[in-house]
Amino acid sequence: METKTQSPTPAEVRAAREAANLSQTEAAALIHCTRDAWSKWESGTREMHLAFWELFAVKSANIKSPAE
């Protein structure tokens with residue numbers, strides 16, 4: 001994931017979650033927010049704050065894929 005200076009797009013949020021092979025509930029739990037907040041970020045109803053985006057990037061990078 002590249003360093004951003006603005007909030008990620010809903011498509012970027014969803015793509016990052018799917019790349020980590022996580023459900024919305026699992027992704028939300030990883031960064032200590034609610035599934036509802038995550039859903040709103042993916043739908044574009046609410047912008048994801050860069051702090052959450054960066055936290056997700058750092059924490060999801062440590063997740064092993066099922067093939068590993």
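Small disclaimer: the values here were computed from a predicted structure and weren't measured.
Expressed to the nearest 0.5 Å, how far NE2 of His32 lies from CZ of Phe52 amounts to 10.0 Å. Separating the NE2 atom in His49 from the CD1 atom in Ile31 is a distance of 12.0 Å, to the nearest 0.5 Å.
Inter-residue side-chain proximity for Trp41 and Cys33 is flagged as met; some heavy-atom pair is nearer than 4.5 Å. Residues Thr25 and Trp38 form no side-chain contact, since every pair of their non-hydrogen atoms from C-beta on lies 4.5 Å or further apart. Proximity of Val13 to Glu18: side-chain heavy atoms (C-beta onward) are nowhere separated by under 4.5 Å.
Counted by atom type alone, Ser43 and Thr45 present one or more donor-acceptor pairs between their side chains at under 3.5 Å.
One N or O on the side chain of Glu12 and one on the backbone of Thr9 form a donor-acceptor pair closer than 3.5 Å. Judged purely by atom type and a 3.5 angstrom limit, Ser39 has no side-chain atom pairing as donor or acceptor with the backbone of Arg35. Within the 3.5 Å criterion, the main-chain N or O of Glu42 finds no donor-acceptor partner in the side chain of Arg14.
Minimum heavy-atom separation, Ser60 to Ala20: CB-CB, 4.0 Å. Heavy-atom minimum distance, Trp53 versus Met48: CE3-SD, 3.5 Å. The shortest non-hydrogen separation linking Leu30 to Lys59 is O-NZ, 2.9 Å. Here the closest non-hydrogen pair linking Glu47 and Ser7 is OE1-OG, 3.4 Å. Here the shortest heavy-atom pairing between Ala37 and Arg46 reads CB-NH1, 3.7 Å.
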